[in-house]
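Okay, so here's the structure we're looking at.
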Amino acid sequence: MTDGSDDGSLPLDSMRLALDLEIPSDVRYIEQVVELVTRQCAQLSFTARHCAFNVPVALSEALANAILRGNGEDREKHVRIHASLDYMRLVMEVADEGEGFDLDDCTIDPTTDENLERVDGRGLFLMRKLMDSVERFNDRGNVVRLTLRRA
Amino acid sequence: MTDGSDDGSLPLDSMRLALDLEIPSDVRYIEQVVELVTRQCAQLSFTARHCAFNVPVALSEALANAILRGNGEDREKHVRIHASLDYMRLVMEVADEGEGFDLDDCTIDPTTDENLERVDGRGLFLMRKLMDSVERFNDRGNVVRLTLRRA
Amino acid sequence: MSFSIKKQGEIVVVDVEGQLIVGNRQELKQKVLDELEKGEKRFLIDFSQTGYIDSSGLGVLVSLSKKIREQGGELRLANLNDDLKTLFELTKLDTLFQIADTRERALESF
Amino acid sequence: MSFSIKKQGEIVVVDVEGQLIVGNRQELKQKVLDELEKGEKRFLIDFSQTGYIDSSGLGVLVSLSKKIREQGGELRLANLNDDLKTLFELTKLDTLFQIADTRERALESF
Ligand SMILES: Nc1ncnc2c1ncn2[C@@H]1O[C@H](COP(=O)(O)OP(=O)(O)O)[C@@H](O)[C@H]1O
Ligand SMILES: Nc1ncnc2c1ncn2[C@@H]1O[C@H](COP(=O)(O)OP(=O)(O)O)[C@@H](O)[C@H]1O
């Protein structure tokens with residue numbers, strides 16, 4: 001552990017934040033969940049780009065998929081979010097109540113000529129571009145785990 | 001779990017935040033630790049009074065005691081802070097590397113005539129007035145646990 | 001988050017205030033389609049006040065662009081900040097849209 | 001957090017900006033004692049810009065109050081917000097100090 005700086009600013013490398021949250025399957029919650037998580041990232045001095053771009057876009061995608069694809073927008077079903085972050089990285093897990101899916105099978109390349117004008121299919125692609133890793137977190141495949149290293 | 005409100009504001013009763021932090025034994029860190037924790041309380045809509053008064057004062061006291069009494073202001077020794085909060089309560093644990101102490105033996109009543117003009121001795125008293133409970137968290141007595149119910 | 005629409009000369013200008021995401025993209029789509037139905041042909045979407053855009057927001061832009069072209073019209077974009085530029089580059093949508101640095105340049109370019 | 005000192009008539013007025021806590025209370029103490037040594041007798045501490053005060057901050061106020069009285073002087077306090085009022089009530093220090101609602105009243109009261 002470093003000793004922080006002389007002005008009493010906190011030694012970030014010994015800090016760890018965690019957040020758990022459960023929301024009904026309604027896309028209107030996405031924006032506030034994103035805000036909550038990015039505020040925690042700002043707390044740990046993640047870069048402005050991570051806070052304003054990588055985290056918001058990737059997390060929105062994961063939440064939208066969980067709500068729309070995993071839970072079929074059934075408000076009786078819920079989406080659980082777990083985020084933990086420290087000086088090294090942010091880890092976000094998004095769990096839905098769906099059947100699960102295969103990340104690799106479902107990811108397309110939306111930048112090819114035939115896909116460029118598609119209206120959908122950019123979610124997993126963007127998550128993978130904006131995070132350091134995107135994984136299935138369990139066998140069923142209904143929990144996605146996103147990891148971003150602190151720059 | 002309630003369904004939150006219609007404007008997409010988060011269902012607070014399913015939210016849980018946690019924070020871990022370790023600081024060197026230097027009183028200059030107190031203010032920033034307090035700010036970090038109270039910001040988390042505000043996130044969970046704790047009352048303005050809890051955020052601006054109960055939590056800051058009680059936590060400052062616990063930190064000051066850990067730094068000055070527990071660790072004798074030895075910067076080689078550290079103070080660990082764990083806070084977790086949800087819709088029901090805030091729990092803060094402050095651990096130092098000292099010998100421990102007995103909470104009840106050390107608490108005086110600073111409001112009696114003979115104590116009123118004392119310069120010290122108000123810390124534990126205030127912690128107990130401002131929190132719902134103040135406990136030793138381990139046998140050694142070097143971890144103090146403060147609990148505040150969300151009003 | 002909201003969308004404000006106004007007409008500047010022959011051009012319908014839409015400001016996206018806040019996010020353009022799955023929760024509000026339909027609103028943008030409907031507002032633009034309404035103008036298209038009224039016979040408008042030239043559209044500019046200005047992102048100077050935009051936070052982030054998700055894949056469904058991008059999808060709406062692609063869909064609107066097609067529909068406007070089908071009616072013989074044009075859709076242009078302006079004022080992407082660095083993050084949004086990166087988003088369009090990652091998805092190669094910068095090759096599909098006409099993107100101007102400023103609103104003035106976009107308006108002149110029609 | 002900082003302390004600004006100025007003289008209003010015969011009275012030394014100290015504004016506590018931010019917190020008054022273990023990390024900075026010595027600074028307040030020293031500033032007031034310096035004035036006392038110069039022969040000042042009347043002191044007003046104004047808390048209108050203060051956040052929170054901890055037990056060591058209260059301790060400094062008690063200690064200053066004693067030292068000023070020993071020199072035949074007076075210390076008064078003004079502008080406690082509701083939280084600070086509660087703090088003084090809980091510790092019964094509201095019975096030890098002369099506390100005015102506003103700076104004006106405190107200044108007049110000497
Ligand atoms: N949480 C999920 N549960 C079930 N299926 C999912 C989930 N997330 C993604 N998928 C599948 O992966 C596909 C691709 O997702 P994505 O790249 O986000 O594009 P889009 O959602 O626009 O189709 C989805 O169409 C869906 O079939
Ligand atoms: N973390 C700690 N480690 C060891 N002793 C402690 C600790 N916290 C409090 N004490 C003991 O309890 C006493 C009373 O503490 P407190 O009420 O905060 O008043 P003060 O610190 O002003 O003496 C202290 O003087 C000290 O002896």
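Throughout, protein chains are lettered first and strands after them, A, B, ... in sequence-line order, and every chain is numbered starting at 1.
In this structure, the separation between CG on A:D13 and CD on B:E22 is 9.5 Å, given to the nearest 0.5 Å. To the nearest 0.5 Å, atom OG of residue A:S9 and atom CD of residue B:E31 are 12.0 Å apart.
By the 6.0 Å contact criterion, CZ on B:R140 is enclosed, its count of non-hydrogen atoms from other residues, nucleotides or ligands being greater than 12. In the displayed structure, B:D102 atom CG is contacted under 6.0 Å by more than 12 heavy atoms of other residues, nucleotides or ligands.
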For this session: Check step by step if side chain to side chain contact (heavy atoms under 4.5 Å, CB included) holds for A:L21 and B:S14.
Result: CA-CA 6 Å; A:L21 181 61; B:S14 73; 3.8 Å; yes
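Put simply, of A:V27, A:D26, A:D20, A:I81, the one with the most heavy-atom pairs under 4.5 Å next to chain B is A:D20. No other option in A:S84, A:A18, A:A83 has as many heavy-atom pairs under 4.5 Å with chain B as A:A18.
Residue-level contacts of residues 112-138 of chain B with chain A do not occur; threshold 4.5 Å between heavy atoms. Residues of residues 33-63 of chain B that come within less than 4.5 angstrom of chain A, heavy atom to heavy atom, are B:V33, B:L36, B:R39, B:Q40, B:Q43 in numerical order.
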Tell me which donor-acceptor pairs under 3.5 Å the side chains of residues 91-101 of chain A have, and how far apart each pair is, sequence neighbours excluded?
from  : atom 1 : to    : atom 2 : distance (Å)
A:D96 : OD1    : A:G98 : N      : 2.8
A:E97 : OE2    : A:H78 : N      : 2.6

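Of all the heavy atoms in B:Y29 and A:P11, the pair that sits closest is CE2-CD, 4.0 Å.
Sorted by first then second residue, the salt bridge (charged side-chain N to carboxylate O under 4.0 Å, His left out) pairs that include residues 78-89 of chain A, not counting sequence neighbours, are A:R16-A:D86.
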